[in-house]
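Only one structure is covered here, and it is reproduced in the block below.
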Amino acid sequence: MKSPDESINWEKVRAQSARESQRKQVHMLKAGNQMADAALPLHKSIYTDDLRFNAERKHIFLSQPLVACLSGDISAAGDTILFDAAGPSILVTRTKDGEARAFLNMCTHRGAKLVEETEPWSGVKNKLTCPFHAWTFDSTGRLIGQPGKEGFEKCNIGGRNLIELPCAEHIGLVFVKANPDADPIDAEEFLGDYADILAQLELWRAEPVKKGVLTAESNWKFALDTYGESYHFKTLHKTTIAKTNYNDKQVFNAFGMHHRIEFPKLSTGDLIDKDESEWPETIYGGVHFLFPNTVIFFGAVADNVFFTQVFRLFPDGVGKTRCQFAVYAPFGVESESHKANCIAAYDATATVVQEEDYRVASHGYANLLSAPQDHHVVLGANELALQVVHQHIAKTIGMPLEQN
Ligand code: FES
Ligand SMILES: [Fe+2]
């Protein structure tokens, strides 16, 4: 597994970064919320139009590097995950040499699926045997078993190994492009400076604890929008997040098409009139967005007991979203109670996201479908991250937001 320099004391890096964030948050609380220049109206077709959706599928979900899993999801040789949320059914494997590789989940005889389960599926597959006629492949995709081999000897179309897809592993993230004809992935170039931010999470050490699927009856961007602003905390999340965090306050940090947002805790307000030497230690946190569809939270379930949550949102048609949600023990499971805490964090978050955020996203999307032809939603200047992400998506698909 590739990981950055092991001599780095990441705990110390996180502590310094957390202090830096505190400074920025205190400054923002004094100076006023971080805002865009103006509100941004978005024509309803940005969410509902089939043509735009098809362009997103083609230029984003079938072209961009996507997070297929974390390194720890395929930690040992033979570990395999099914990744079919982006469109094609894909297997991501860990080979004996320790490499992560991705293949179409498609037998090269007559196309059957080698793994027939549905996501989220993962398991050990040292050999992949087709359920149709039993052709067998190893975890490098090589065809190693072919019953009745003599029947295929006079075949001149070349090798019958599995069809490989671009795959790259970097700082604990396994990226795949869901298109066998796409160019290779340059993960360092894709992440740019953001790699330094994500490295603080030590994702290469994360151990999966629980995973599942959340669904919204809405366009994927409508569901994604719920992660990028705190303007809704005191209404939609009044009994949960609003008890600990400010409403409608943020520090937004862009790194190319990616970003980190910090939503300050209410306790940060106590620091405004204090000298920095009196500030208590704080833990590193924040919402880490990886273009186009991945959100990573890092937080604590108790004093010095941490969890990492990863959300990956995929369209299931123009008006439906499937979110692959997983919780990890950031530095490995430390004890049974740590595991139980991570599971409790998963369950509590899944309930809030499914029953609060995705509930309103689903209602809003249904309403958009019957709104007047010229209807626009509006993203406030305070909903800065949403504006930025929509601009990046529009640019990537070559369809400006204003053309509708
Ligand atoms: S389709 Fe797989 S062995 Fe025939
Ligand atoms: Fe929310």
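Whatever order the structure lists them in is the order used to number ligands and atoms, beginning at 1.
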Considering only N, O or S atoms of His109, the one closest to atom 4 (Fe) of ligand 1: ND1

Of all N/O/S atoms in His133, the name of the one nearest atom 4 (Fe) of ligand 1: ND1

Sequence neighbours excluded - side-chain hydrogen bond (donor to acceptor under 3.5 Å, both in side chains) pairs with any residue from residues 206-216: Asp73-Lys211, Lys210-Asp347

Atom of His237 closest to the Fe ion (ligand 2), considering N, O or S atoms: NE2

If the cut-off is 4.0 Å to any non-hydrogen atom of [X], which atoms of ligand 1 fall inside it?
X	answer
Ala134	3 (S)
Cys107	1 (S), 2 (Fe), 3 (S)
Trp135	3 (S)
Cys130	1 (S), 2 (Fe), 3 (S)
Arg110	1 (S)

Residues Lys221, Glu56: salt bridge by 4.0 Å N-O rule: yes

Under-4.0 Å salt bridge between Glu20 and Arg23: yes

By side chain to side chain donor-acceptor pair (under 3.5 Å) - contacts of Asp37 (at least two apart): none

Tyr194 and His288 aromatic ring geometry - parallel, tilted or perpendicular at 30°/60° bounds: tilted

Gln16 side chain to Arg19 side chain, donor-acceptor N/O pair below 3.5 angstrom: no

Centroid-centroid under 6.0 Å between Tyr227 and Phe289 rings: no

Apex the Fe ion (ligand 2) - arms NE2 from His232 and OD1 from Asp357 - angle rounded to 10°: 100°

